[in-house]
2 protein chains.
Amino acid sequence: MSTIVDVCKLAGVSKATVSRVINGNGPVKESTRHTVYSAMEQLGYRPNTVARALATNETSTLGFVVSDFNGIHFGLLLKQASASTEAANKQLLVTDGHNDPDKEYEAIRKIEGSCDAIVLYSRTPTDAHINQLAKQLTVPLVVMNRLAPNPLCHVIAFDQQGAVEMMVDYLVSCGHSKIACITGTLNNPTGQARLAGYKNSLLAHGMAFDQELVVYGEYFIESGYRACKELIDKGVDFTAMVAFNDHMAFGALKALSEVGISVPEQVSIIGIDDDPTSSFSSPTLTTVELPIEKMTKHAIELALALTKDKKTPSFHLYTGRLIKRESVIPCADDI
Amino acid sequence: MSTIVDVCKLAGVSKATVSRVINGNGPVKESTRHTVYSAMEQLGYRPNTVARALATNETSTLGFVVSDFNGIHFGLLLKQASASTEAANKQLLVTDGHNDPDKEYEAIRKIEGSCDAIVLYSRTPTDAHINQLAKQLTVPLVVMNRLAPNPLCHVIAFDQQGAVEMMVDYLVSCGHSKIACITGTLNNPTGQARLAGYKNSLLAHGMAFDQELVVYGEYFIESGYRACKELIDKGVDFTAMVAFNDHMAFGALKALSEVGISVPEQVSIIGIDDDPTSSFSSPTLTTVELPIEKMTKHAIELALALTKDKKTPSFHLYTGRLIKRESVIPCADDI
DNA sequence: CTGTTAGCGCCTTCAG
DNA sequence: CTGAAGGCGCTAACAG
């Protein structure tokens with residue numbers, strides 16, 4: 001690989017001049033600029049990224065950490081992240097947090113030195129983790145998927161509780177009162193907020209919270225299947241069901257159809273995510289859409305901006321949107 | 001951020017010594033090693049990744065390029081890629097090729113300088129693209145998803161044609177003869193090989209290829225829906241259907257159910273991918289599983305090995321595995 | 001076992 | 001408008 005010195009020799013100029021034409025800054029006479037260009041071309045010269053990073057103290061890459069590469073929104077998330085990053089002519093360094101706050105912490109500290117800012121999309125870390133990170137990190141941090149503002153870092157949030165409230169409200173407005181719930185993992189803020197939304201909406205409608213109607217899921221399709229089966233096996237009576245994501249709703253659909261319970265005639269179902277498959281299940285799934293792409297775009301752009309100049313920590317809340325499809329209808333038991 | 005010099009001063013030793021304890025190479029007296037360690041700790045010192053990369057000419061990161069972040073296997077792929085990479089204590093620099101060979105080429109040239117080897121998982125590039133890359137790249141290249149050996153780079157391949165042959169063979173063995181086909185995009189080797197598999201298997205069974213039975217899809221669920229609808233609208237007669245991936249099969253399932261054609265009683269369907277959802281559709285989907293994780297692991301490990309010492313280009317072929325579920329049954333028309 | 005001395009390839013004042 | 005020189009932080013011979 002040829003270096004800047006090779007270009008210097010061939011073009012008969014100094015490193016400074018070559019550097020100027022590479023970076024398009026500083027004044028260079030048109031003619032010398034030209035000779036330098038052709039020298040570079042002749043040599044197939046490409047500036048060394050690493051050397052440049054060392055000299056400028058800028059890597060021109062953005063770190064992106066997700067809790068688990070195999071997560072639901074992952075494709076969209078990275079698609080958008082990559083688009084926004086490339087639009088700014090930067091690179092994306094992505095890392096998997098392995099759904100474990102400690103591993104995630106390690107992962108972040110590891111990539112810290114290779115990027116100019118970090119965006120964290122994760123469900124696992126506690127506030128303590130985040131705070132520690134924000135304090136230790138030498139690069140700006142933008143956190144997605146937190147529930148509350150943080151005095152130490154910027155957060156792009158989604159109103160998890162509000163989304164589930166929206167779902168339950170809708171079911172109630174359709175006359176349902178026996179509303180089952182398949183939760184997600186409850187050991188993190190997202191799951192907890194969603195469950196709070198479920199309880200809260202019931203409460204708001206003067207309905208009692210019944211533990212028996214609640215089964216535990218883990219966001220995967222199988223866990224929705226299993227959870228719903230559990231409900232059926234226990235003989236719990238319900239006319240509607242809230243699933244903490246679309247995939248689990250699909251699993252529930254399967255469990256219900258296996259025992260001959262028809263959706264939506266006997267049971268209405270609603271999910272969250274607006275997974276692409278939701279328009280193609282039978283019946284099509286009523287759900288709440290998360291503005292993942294908008295949020296991601298925002299996060300990346302914020303992170304990019306922070307590499308230029310720090311701002312005081314901000315908080316941005318996004319909300320979901322109800323998408324009505326076939327899986328919810330008025331309650332048949334309704335009197 | 002403290003540098004190696006700060007550690008030197010505090011520990012009262014030279015840079016060389018500090019470097020030795022950091023890298024655990026070269027002899028260092030136990031006691032001085034200890035003082036250096038505590039100095040580092042006291043300062044919260046962390047070696048500068050970029051500087052080290054410049055000095056060693058090794059970035060300890062691996063480039064991974066996918067044709068599209070929002071692709072089907074993407075989650076699993078990156079999950080495995082990240083696992084293998086981290087196992088080797090390296091980082092993953094991923095890039096989206098935007099389903100366009102030229103953009104992809106640019107993307108690769110761009111990350112080239114930031115990694116020690118590159119793994120390319122893509123459908124779009126032609127052999128010419130690959131060859132050009134292999135020639136120009138200054139780091140080793142491992143390509144996944146090619147169909148044939150390449151004299152210039154290592155390839156980890158999947159037997160696309162064989163997979164579809166397997167599918168058609170199975171349908172034929174079930175007595176089907178009017179077998180429709182929803183293709184994927186046909187402007188790349190994968191789609192072409194799969195279509196060749198379809199034709200080839202028919203031929204092998206002495207059956208004629210009928211263009212009317214073939215509709216064009218683009219791997220998304222909607223395109224499967226649309227393609228199947230097209231078939232139905234045209235009044236084409238078929239008792240079985242091959243879809244070039246599971247998602248399109250789901251779309252087809254929807255289209256069929258909308259017009260009251262029951263699967264598998266009236267039409268059998270088979271897909272490729274073994275998508276997690278395939279066990280939960282109604283009916284569950286017969287499909288061919290791709291050993292994506294194995295292939296990815298292999299690719300990463302090979303790439304990692306190549307950073308140590310180059311080997312002469314190799315070719316590794318993986319094959320699919322038929323997974324029988326409910327969506328295929330013997331042909332009713334069978335006499 | 002440890003220190004000295006060059007670089008790695010580029011950017012960036014500061015002179016001219 | 002251009003060149004010289006120092007430095008980014010670390011590694012790696014080479015001496016001692």
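Quick note on labels: first sequence line is chain A, next is B, and so on, each numbered from 1. Everything numeric in this text was worked out from a predicted model, so none of it was measured. All values below were derived from every heavy atom in this structure, side-chain atoms included, with hydrogens, water molecules and symmetry-related copies excluded.
Note: B:Phe69 and B:Phe74 meet the aromatic proximity criterion, with ring centroids under 6.0 Å apart.
Of all nucleotides listed (D:dC10, C:dG9, C:dC11), D:dC10 comes nearest to the side chain of B:Ala51. The side chain of A:Val13 has D:dG3 as its nearest neighbour among D:dG3, C:dC10, D:dA12. Minimum atom distance to the side chain of B:Ala16 is reached by D:dA12, of the listed C:dC11, D:dC1, D:dA12. When the nucleotides C:dG9, D:dT11, C:dC11 are ranked by their closest atom to the side chain of B:Ala55, D:dT11 comes out on top.
Within the nucleic acid shown, B:Val18 has no heavy atom closer than 4.0 Å to any nucleic acid atom. Across all strands, A:Thr17 comes closer than 4.0 Å only to sugar-phosphate atoms, never to a base (heavy-atom distances). A:Asn48 comes within contact range of the sugar-phosphate backbone alone, with a heavy-atom separation under 4.0 Å but no base atom that close. No contact: B:Val50 has no heavy atom under 4.0 Å from any strand.
For A:Ser14, a side-chain nitrogen or oxygen approaches OP1 or OP2 of D:dG3 to under 4.0 Å. Remark: A:Ser19 is in phosphate contact with C:dC11, judged by side-chain N or O atoms under 4.0 Å from OP1 or OP2. Put simply, A:Arg52 has a side-chain N or O that comes within less than 4.0 Å of OP1 or OP2 on C:dC11. Under 4.0 angstrom from either OP1 or OP2 of D:dT2 there lies at least one side-chain N or O belonging to A:Thr32.
Aromatic ring orientation, B:His298 versus B:Tyr318: perpendicular (interplanar angle above 60°, classes split at 30° and 60°).
The distance from atom NE2 of B:His154 to atom NE2 of B:His316, rounded to the nearest 0.5 Å, is 7.5 Å.
Spacing between atom NZ of B:Lys29 and atom P of C:dT2 amounts to 5 Å, rounded to whole angstrom units. Protein atom CG of A:Leu54 is 11 Å distant from nucleotide atom P of C:dC11, rounded to whole Å. One can place OH of B:Tyr45 at 10 Å from P of D:dG9, the figure rounded to the nearest angstrom. For the pair B:Glu58 CD and D:dC10 C1', the computed distance is 14 Å after rounding to whole Å.
Taking the nucleotide of DNA chain C with the nearest heavy atom to each of A:Asn25 and A:Met1, the more 5' of the two is matched to A:Met1.
One N or O donor and one acceptor, one from the side chain of A:Arg20 and one from the base of D:dG3, sit under 3.5 Å apart.
Few gaps surround NZ on A:Lys310; more than 12 heavy atoms of other groups in view lie less than 6.0 Å from it.
With hydrogens and angles left out, the side-chain atoms of B:Asn99 and B:Thr124 include no donor and acceptor closer than 3.5 Å.
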